J.: 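The structure's right below; bear with me while I get my questions together.
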Amino acid sequence: MNELNSHITDFLNYYKGLDDDPEYAVMLNGPWGSGKTWFVRKYLEDFEASGGKCLYVSLYGVQSITDIESEFFRQLHPLLSSKAMRLTGKLLTGVLKTSFRFDYDGDGSSDGSLSSQLTSIDISQYLEKPGGFMLVFDDLERAVLDKVSLLGYINHFVEFQGCKVIVVGNEDEIDLSDNYLNIKEKLIGKTFLVSADFWAAFDDFVGRLSAEAKCFCLNNKELIFDYYERSKFNNLRHLRQILSDFSRLYDVLPDESSEKEGLLENILKFFLVLGMESRHGALTLAEMKSLDSGIPSLLPGSKEEGKSPFDKLQKKYAGIGAYDMLLDGEMWADIIFNGKIDKYAVEESLRKSFYFIDERTPDWEVLWKYRDLEDPRFTDILKVVSERFKSSDYRDPLVLKHVVGLLMELANVGLYSESVESISATAKQCVDNMAKEGCLLGRVDCSFPEQEFGGQLGFHGMDLDHFQKFSEYLACKYEEVTKHSYPSKAKGVVELLFSDISKFYGHMVPSNHGEQPYTEIPILKYVDPGYFADSLISISPVNRRVVCYAILERCKLSSSFSAIKEEKDWLESVVSILKEKSHENSGTLLGMQLKQYIDDFLVVAVESL
């Protein structure tokens with residue numbers, strides 16, 4: 001039947017053909033996932049096809065002999081144990097005493113009855129089968145029932161009923177006590193170690209896949225075997241599960257994927273690697289999420305080289321690269337761990353990969369995948385990107401950051417003639433030009449020097465000091481431009497007193513919903529105190545109270561948002577002006593209202609800062 005375990009097959013054929021009772025059982029031993037169950041099931045298929053009869057029971061979770069005999073009874077009497085029968089009665093451990101009422105047509109009424117008494121599960125009627133008879137007990141190590149008692153029970157079939165018996169288990173997970181070894185010595189006449197036989201199992205595994213996935217896997221059998229071997233786990237059970245899961249992903253890939261040379265093979269490679277490592281417990285969910293197709297492989301000699309989960313995978317599976325992942329770590333984690341496949345997200349990621357590069361792909365993005373380019377294409381695209389960079393033609397700050405990282409990395413490895421210092425100087429000039437033209441306004445995404453991604457792509461050159469300094473310069477320039485914009489934005493805040501008082505409250509007071517652009521920015525200190533006081537007096541009394549309450553709540557939260565403390569001088573000036581206005585309007589309702597706002601809200605707010 002196969003090469004690695006053919007000697008086991010030969011012996012089982014000899015064993016089943018014995019005319020006399022063998023008076024011993026055969027054990028198939030092997031680690032979990034080595035293909036023991038698959039092997040014995042395939043053997044039994046051939047056995048039954050040649051006219052033999054067998055009873056097979058998994059001992060997984062078995063707590064009593066009754067559990068085993070119930071399963072044997074189900075197989076020996078399929079009609080009595082079928083769902084169509086409405087059985088009432090009780091199966092006893094040693095004696096089957098039943099008075100069954102049964103319902104053949106499922107209408108709920110009794111169609112007959114049957115009485116019987118059995119002293120045990122009787123299989124004598126099968127022992128004279130022309131094709132032979134076998135009992136198979138699988139998953140010995142997973143039985144809850146005491147192993148010694150279990151082997152004693154199995155011995156009853158061998159010694160007293162003359163059965164041929166196969167016991168399947170992993171003795172590495174069994175307590176090999178003296179009692180166990182003694183009864184095993186009496187029961188087991190031959191023990192074989194089952195080897196994980198990839199070639200024997202593979203065709204059967206892929207035969208369960210969709211037609212398209214099956215064809216693809218058959219055409220890539222050698223590739224699958226290569227990565228299966230590199231894993232060194234030798235776990236056929238895992239391989240079967242992985243191929244089944246891969247079929248689900250394969251069936252939702254874009255139709256044109258098969259036209260992109262190497263694309264499907266790369267997906268298969270990573271599916272195998274991530275699937276085998278995660279199922280064996282060598283790659284955690286958190287580690288898989290940290291993998292990312294956007295992070296280029298670290299350059300040789302880097303101070304961080306070899307430390308990341310991806311570096312460990314590269315050492316074990318030589319030839320895989322970060323670019324080959326195609327999907328980011330979060331997406332792979334969803335597919336491998338959670339079985340969640342977002343067809344549209346997968347397609348979007350693949351279309352952004354090197355395999356789908358066309359005339360619509362931005363030049364810098366083509367260069368981003370420079371490791372996959374051929375020399376003429378690389379030279380041409382580098383020239384285009386370099387000229388646009390020197391002309392300050394890139395107006396998006398994150399795109400510029402990508403370009404700078406790329407050029408610095410290429411210069412560092414000798415693939416770009418400009419010095420890193422020259423690139424840095426040009427890059428800062430580009431940032432200055434962006435600042436003057438307003439390209440940095442609102443771009444909070446470039447305010448974090450340590451960020452590793454721009455869009456869905458990771459930055460090249462992250463481990464270069466000059467790139468880090470450029471990132472810091474970009475972030476500082478963003479902060480500078482943003483602060484210069486505060487006075488004009490502050491006027492807009494005051495305008496909300498007249499146009500949308502609820503929005504003013506939302507902008508001022510931190511909460512878990514709505515737009516909150518100024519909860520951590522001392523925007524009010526950029527408002528002229530007199531202009532604010534006049535505006536407050538100009539709105540309705542109800543809205544005045546809302547404004548003053550919002551300021552009080554904002555100040556109370558200053559311990560969590562320390563920047564708000566910078567508004568203290570401004571608020572004291574507003575209070576002083578309003579006190580003057582209250583005094584000027586003494587004896588009027590407005591004067592009384594202003595005093596109340598000051599005493600109940602604003603003075604308390606100042607004290608909170």
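Because the structure is predicted, anything quoted here is derived from the model rather than measured. When a residue number appears, it is its place in the shown sequence, counting from 1.
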J.: Evaluate whether atom NZ of K491 has more than 12 neighbouring non-hydrogen atoms of other residues, nucleotides or ligands under 6.0 angstrom away.
T.: no
J.: Between Y227 and Y317, how do the two ring planes meet: parallel, tilted or perpendicular, split at 30° and 60°?
T.: parallel
J.: Between R377 and E374 (salt bridge meaning N to carboxylate O under 4.0 Å), is one present in this structure?
T.: no
J.: With rounding to the nearest 0.5 angstrom, report the CG to CE distance, D328 to M288.
T.: 12.0 Å
J.: Do you know the tightest heavy-atom contact between E567 and I523?
T.: OE2-N, 3.3 Å
J.: Does a donor on one side chain sit under 3.5 Å from an acceptor on the other, for Y43 and N5?
T.: no
J.: For Y60, does the OH atom sit with more than 12 other heavy atoms under 6.0 Å from it, leaving out its own atoms?
T.: no
J.: Is the closest basic N to carboxylate O distance between E287 and K312 below 4.0 Å?
T.: no
J.: Can you tell me how the ring of F233 sits relative to the ring of H280, calling it parallel under 30°, perpendicular over 60° and tilted otherwise?
T.: parallel
J.: Inspect the contact between D245 and R279 and indicate whether a charged nitrogen and a carboxylate oxygen are less than 4.0 angstrom apart.
T.: yes
J.: Return the minimal non-hydrogen interatomic distance between G30 and K36, and the atom names on each side.
T.: O-NZ, 3.0 Å
J.: Rounded to the nearest 0.5 Å, how far does CZ of F310 lie from CE of M325?
T.: 6.5 Å
J.: Nearest 0.5 Å please: distance from the CG atom of N220 over to the CG atom of D226.
T.: 11.5 Å
J.: Not counting sequence neighbours, which residues clear ring-ring contact (aromatic ring centres under 6.0 Å, His included) with F470? List them please.
T.: none
J.: Could you report the tightest heavy-atom contact between L571 and C555, atom names first, then the distance?
T.: CD2-SG, 3.9 Å
J.: Are any of the side-chain nitrogens in E479 or K483 under 4.0 Å away from the carboxylate oxygens of its partner?
T.: no
J.: Do the ring planes of F198 and Y228 sit parallel (below 30°), tilted (30 to 60°) or perpendicular (above 60°)?
T.: tilted
J.: Minimum heavy-atom separation for Y355 and K260, please, with both atom names.
T.: O-CD, 3.3 Å
J.: For the pair L382 and F378, evaluate side chain to side chain contact (heavy atoms under 4.5 Å, CB included) and give the outcome as yes or no after the intermediate values.
T.: CA-CA 6 Å; L382 175 59; F378 169 72; 3.9 Å; yes
J.: May I have the step-by-step check of side chain to side chain contact (heavy atoms under 4.5 Å, CB included) for Y526 and V493, ending in yes or no?
T.: CA-CA 10 Å; Y526 297 98; V493 171; over 6 Å; no
J.: Start with the C-alpha distance between H460 and F467, add both sets of side-chain angles, then the distance that settles ring pair (Phe, Tyr, Trp, His ring centres under 6.0 Å), and finish with yes or no.
T.: CA-CA 9 Å; H460 286 259; F467 181 77; 9.6 Å; no
J.: Among residues at least two apart in sequence or on other chains, which ones pass salt bridge (Lys or Arg N to Asp or Glu O under 4.0 Å) with K428?
T.: none
J.: What residue among L327, V252, I267 forms side-chain contact (heavy atoms from CB on, under 4.5 Å) with V346?
T.: L327
J.: Give the intermediate values and the outcome of ring pair (Phe, Tyr, Trp, His ring centres under 6.0 Å) for residues F225 and W199.
T.: CA-CA 8 Å; F225 176 71; W199 301 108; 4.6 Å; yes
J.: With distance as the sole criterion, is a donor-acceptor pair present between the side chains of E173 and N170 under 3.5 Å?
T.: yes
J.: To the closest 0.5 Å, what do you measure between CG (N266) and CD (E261)?
T.: 11.0 Å
J.: Thinking salt bridges, do E553 and K556 make one under a 4.0 Å N-O criterion?
T.: yes
J.: What is the minimum heavy-atom distance between I224 and L239, and which atoms define it?
T.: CG2-CD1, 4.1 Å
J.: Is a salt bridge present between R41 and D138, judged by a nitrogen-to-oxygen distance below 4.0 Å?
T.: no
J.: Can you name the closest pair of heavy atoms from E418 and A411 and give their distance?
T.: O-CB, 3.3 Å
J.: Is the shortest distance from a Lys or Arg side-chain nitrogen in K343 or E348 to a carboxylate oxygen in the other one below 4.0 Å?
T.: no
J.: Looking at K315 and D311, is any side-chain nitrogen of the basic one under 4.0 Å from a carboxylate oxygen of the acidic one?
T.: no
J.: So, taking the atom named CG in L264 and the one named OH in Y250, what distance separates them when rounded to the nearest 0.5 Å?
T.: 5.5 Å
J.: Can we say D363 and R388 salt-bridge, meaning some charged N sits less than 4.0 Å from an Asp/Glu carboxylate O?
T.: yes
J.: So, K42 and E45, do they make that salt bridge, N to O below 4.0 Å?
T.: yes
J.: Could you give me the CA-CA distance, side-chain angles and deciding distance for K489 and Y518, then say whether side chain to side chain contact (heavy atoms under 4.5 Å, CB included) is met?
T.: CA-CA 10 Å; K489 290 182 177 180; Y518 306 120; 3.6 Å; yes
J.: Can you classify the ring geometry of F532 versus W570 as parallel (below 30°), tilted (30 to 60°) or perpendicular (above 60°)?
T.: perpendicular
J.: When you look at E472 and K469, which way does the salt bridge (charged side-chain N to carboxylate O under 4.0 Å, His left out) test go after all the steps?
T.: CA-CA 5 Å; E472 292 167 4; K469 290 178 181 178; over 6 Å; no
J.: Would you give the length of the straight line joining atom CG of L400 to atom CZ of R395, rounded to the nearest 0.5 angstrom?
T.: 9.0 Å
J.: Output, in order, the C-alpha distance, side-chain angles, deciding distance and verdict of side chain to side chain contact (heavy atoms under 4.5 Å, CB included) for L398 and F459.
T.: CA-CA 9 Å; L398 289 189; F459 293 115; 4.2 Å; yes
J.: Going by distance alone, is a donor N or O of one side chain under 3.5 Å from an acceptor N or O of the other, for E437 and N433?
T.: no
